[in-house]
Each structure stands twice: as C-alpha cells, then as structure tokens.
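Here is the structure we will look at, set down as structure tokens.
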Amino acid sequence: MTLDETKSPDGSRAQDVAPGRAPGRAPDGPRDWTDGHVAQWLPVLPDLNPDIEGAVTRIKRLTVHLRRVREQSLVDFDLERHEFDTLHKLSGRGGRATPSELAADLDLAPASVTGRLDGLERRGLLRRTPSKKDRRRVDVELTESGRAVWLGAMDVLGDEEYRLLGVLSAKERAQLSDMLRRIMVVAEGGDAGGRN
C-alpha cells in the first residue's frame, strides 16, 4: 500500500488528489484492475491517496507484465537468462569484447564468464579468436546466429513495449518519459526515507 503522508496545516494527513477529481473516483472510460484495487482499499484506508496508489500499483503490474513477456521470449529462442545477458552485453560492445570486459559488464568473476562463453560457443552463438592487436589475448565475437537470436528475443519485448505505449500519442509518450525521469532522479538520489 502507498499512503500519502502529506500534512495539512492542522497536522492531519491530507489527500492530495488531482484537481477536478473526487478522491477515489476513477476517470471516465475503461477501467483496469488497479481501479478495483484502489476502490477496495479506500474504505479501509481513508487516507490512501488514490492517484499515488494507482500510479505505483500500475508501474509494478506493468513491470511484472513486461518481465513475463521477456521470459517467454527467452523460452521461444531457447535461451537461459544468463545466456541472453551475455549476448546482450556483447552486443552492447558492438559484438566484440574481451572476456575480462564481459566479466566487468556482467559483474562476474572472470572464471564464471568462461563457463558461459563455453556454452554459447558450443551453440554457435559466439566465437573466441586470437586478438588482432595482441596475440596473447582472446576476443569474444558474436556470430550471425548469435546476433539473430539476441535480436529475435529483443524484438519480442520491443514489440510489446510499442504495442502498450502505442495507446499514447508521441507527445504523451514524451511527457510520460519526462515525468518518470523526474521521479527516478529522486529515487536515484538514494534517500529512501526522504520525507521531512
């Protein structure tokens, strides 16, 4: 639950609700699961801010939905999560990196990356070759098959993101991104208990 702890001048908690909307009243139009959730809890928790609870609950549910889509895409492309992560980091470096660079990107010990690379190389998704700059070094390179599998899994999630955000206009998407950025700047500030 998300309780609004904004204090009114008399010291009591006040519901800070969007102008023109009665507390707990859903907007006109289609209702989602969260509208029912908020309606259920408002009588139990009268100080519940419906706009904050609605926004936070929707963000959580959207995150879960996109995680399910991503996990299904991994199943569809016969990838384990750690295999996708390795291909993703390698792709992010332009398809070529050293094992130590990948280990740093994945926040893993170099020995742990070796096992991952062995499995992906056996599947033909990457290859290890002597470095052209330093023969003592090995480079890890994404193969065409590896790039195709990585892109295929990425496209599934990307298509769903476009489908969902397609209900908004380009201007609305920009506004949403800007608003979420403002929230994330506060979240990334690190003060979890940051109310005065």
Query raised in the report: Do W150 and L125 come close enough that some side-chain heavy atom pair is under 4.5 Å?
Result: no
Report summary line: When rounded to the nearest 0.5 Å, the distance separating CD1 of I183 from CD of E188 is 12.0 Å
Query raised in the report: Is the shortest distance from a Lys or Arg side-chain nitrogen in R147 or E144 to a carboxylate oxygen in the other one below 4.0 Å?
Result: no
Requested in this report: Go through the side-chain N and O atoms of S100 and T98 and say whether any donor and acceptor fall under 3.5 Å apart.
Outcome: yes
Report task. Begin from the C-alpha positions of E53 and W41 and carry the test side chain to side chain contact (heavy atoms under 4.5 Å, CB included) through to its verdict. Result -> CA-CA 10 Å; E53 180 67 17; W41 284 101; 5.9 Å; no
Query raised in the report: Can you tell me how far NZ of K89 sits from CG of D107, rounded to the nearest 0.5 angstrom?
Result: 9.5 Å
Report task. Working to the nearest 0.5 Å, report the span between NE2 of H65 and CD of E160. Result -> 3.5 Å
Query raised in the report: In Å, rounded to the nearest 0.5 Å, how long is the span from OG of S169 to CD of Q175?
Result: 7.0 Å
Report task. Using atom types as modelled and distance alone, determine if a side-chain donor or acceptor of R173 lies under 3.5 Å from a backbone N or O of L168. Result -> yes
Query raised in the report: Which heavy-atom pair separates A153 from F84 by the least distance, and what is that distance?
Result: CB-CE1, 3.9 Å
Requested in this report: Report yes if some heavy atom in the side chain of E83 is under 4.5 Å from a heavy atom in the side chain of T86; otherwise report no.
Outcome: no
Requested in this report: Give the intermediate values and the outcome of side chain to side chain contact (heavy atoms under 4.5 Å, CB included) for residues K60 and T34.
Outcome: CA-CA 11 Å; K60 288 178 184 176; T34 301; over 6 Å; no
Query raised in the report: Does V138 share a hydrophobic cluster with L106, counting links as ILVMFWY side-chain heavy atoms below 4.5 Å and allowing steps through other members?
Result: no
Query raised in the report: Given L176 and L165, is the side chain to side chain contact (heavy atoms under 4.5 Å, CB included) satisfied, shown in steps?
Result: CA-CA 10 Å; L176 175 62; L165 292 173; 4.0 Å; yes
Query raised in the report: Who are the side-chain hydrogen bond (donor to acceptor under 3.5 Å, both in side chains) partners of D155, not counting sequence neighbours?
Result: none
Query raised in the report: Under 4.5 Å between side-chain heavy atoms, hopping through other hydrophobics if needed: is there a path connecting L62 to V56?
Result: no
Query raised in the report: Taking atom types as modelled, is there a side-chain donor on Q72 or D76 under 3.5 Å from an acceptor on the other?
Result: yes
Requested in this report: Kindly indicate whether the side chain of S91, heavy atoms from C-beta on, has any atom under 4.5 Å from the side chain of L142.
Outcome: yes
**Report entry** Pair R123 + D78, salt bridge at N-O below 4.0 Å
**Finding:** yes
Query raised in the report: Below 4.5 Å, heavy atoms only, C-beta onward: do R61 and V64 meet side chain to side chain?
Result: no
Query raised in the report: Between the side chain of D35 and the main-chain N/O of V38, is any donor-acceptor distance below 3.5 Å?
Result: no
Query raised in the report: According to a 4.5 Å side-chain heavy-atom criterion applied to Ile, Leu, Val, Met, Phe, Trp and Tyr, with indirect links allowed, do L66 and F77 form part of one hydrophobic cluster?
Result: yes
Query raised in the report: With a 4.5 Å limit on heavy-atom distance, are the side chains of V113 and V140 in contact?
Result: no
Query raised in the report: Pick one: which of L117, L126, L108 meets side chain to side chain contact (heavy atoms under 4.5 Å, CB included) with L102?
Result: L117
Report summary line: Note: N49 and D51 closest approach over all heavy atoms is OD1-N, 2.9 Å
Query raised in the report: Run the side chain to side chain contact (heavy atoms under 4.5 Å, CB included) check on L90 and L120 step by step: do they pass?
Result: CA-CA 12 Å; L90 185 55; L120 289 166; over 6 Å; no
Query raised in the report: At what distance, to the nearest 0.5 angstrom, does CZ of R81 lie from CG of L79?
Result: 10.0 Å
Query - Straight-line distance of R128 CZ to E121 CD, nearest 0.5 Å - result: 4.5 Å
Query raised in the report: Would you say S73's side chain and L157's backbone share a donor-acceptor pair under 3.5 angstrom?
Result: no
Query raised in the report: Honestly curious: do V167 and I59 fall in one hydrophobic cluster under the side-chain, below-4.5 Å linking rule?
Result: yes
